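One-based numbering, in listed order, for ligands and for the atoms of each. For clarity, every value in this text was computed on a predicted model and none was experimentally measured.
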Amino acid sequence: MKRVFSSYNLQIVHHARNLLEAAGVRAVVKNEFLASGMGELPPAECQPELWVMRDSDAARAEEILRFPAQATNDWRCGCGETLGGQFTQCWHCGSQRG
Ligand SMILES: [Zn+2]
């Protein structure tokens, strides 16, 4: 496992994780419970962190987080749903990718 991202803002860390997952990179958020519910800024060691499961994904993960739009390769279904590049079928209406 390798850490690829951290922020005091848990929502941003989760957003980053979603970007990685959408690109097919397995990632987990650490420290999210340490940092939550404290009402004040947590110390640096309690920042939410994003880790990739495979060390070999770290370089790709950093690239994705730097250029999220290109990396995720989203597509839009005819029904209006936006889907991640790893999906070949719309989860909303069931259509195949065009
Ligand atoms: Zn659809």
Pick out which of Arg3, Lys30, Lys2, Arg17 makes a salt bridge (Lys or Arg N to Asp or Glu O under 4.0 Å) with Glu49.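 Single pass found, and it is Arg3.
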Single hit among Glu32, Gln47, His15 for side-chain contact (heavy atoms from CB on, under 4.5 Å) with Leu10: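 Per the side-chain contact (heavy atoms from CB on, under 4.5 Å) rule, the option paired with Leu10 is Glu32, out of Glu32, Gln47, His15.
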My understanding is that only one of Ile64, Leu65, Leu19 makes a side-chain contact (heavy atoms from CB on, under 4.5 Å) with Val25; could you say which?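 So, applying the side-chain contact (heavy atoms from CB on, under 4.5 Å) to Val25 and each of Ile64, Leu65, Leu19, only Ile64 qualifies.
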What protein atoms of element N, O or S are positioned under 2.8 Å from the Zn ion (ligand 1)?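 Those protein N, O or S atoms (cut-off: under 2.8 Å from the Zn ion (ligand 1)) are Cys77 SG, Cys79 SG, Cys90 SG, Cys93 SG.
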Check whether Trp75 reaches the backbone of Thr88 with its side chain - one donor and one acceptor, N or O, closer than 3.5 Å.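 The answer is no, because no donor-acceptor pair under 3.5 Å joins these two groups.
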Between Glu21 (side chain only) and Ala27 (backbone N and O only), is there a donor and an acceptor less than 3.5 Å apart?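 The answer is yes, because a donor-acceptor pair under 3.5 Å joins these two groups.
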Decide whether Thr82 and Arg76 meet the rule of one side-chain donor and one side-chain acceptor closer than 3.5 Å.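 Per modelled atom types, Thr82 and Arg76 side chains form a pair under 3.5 Å.
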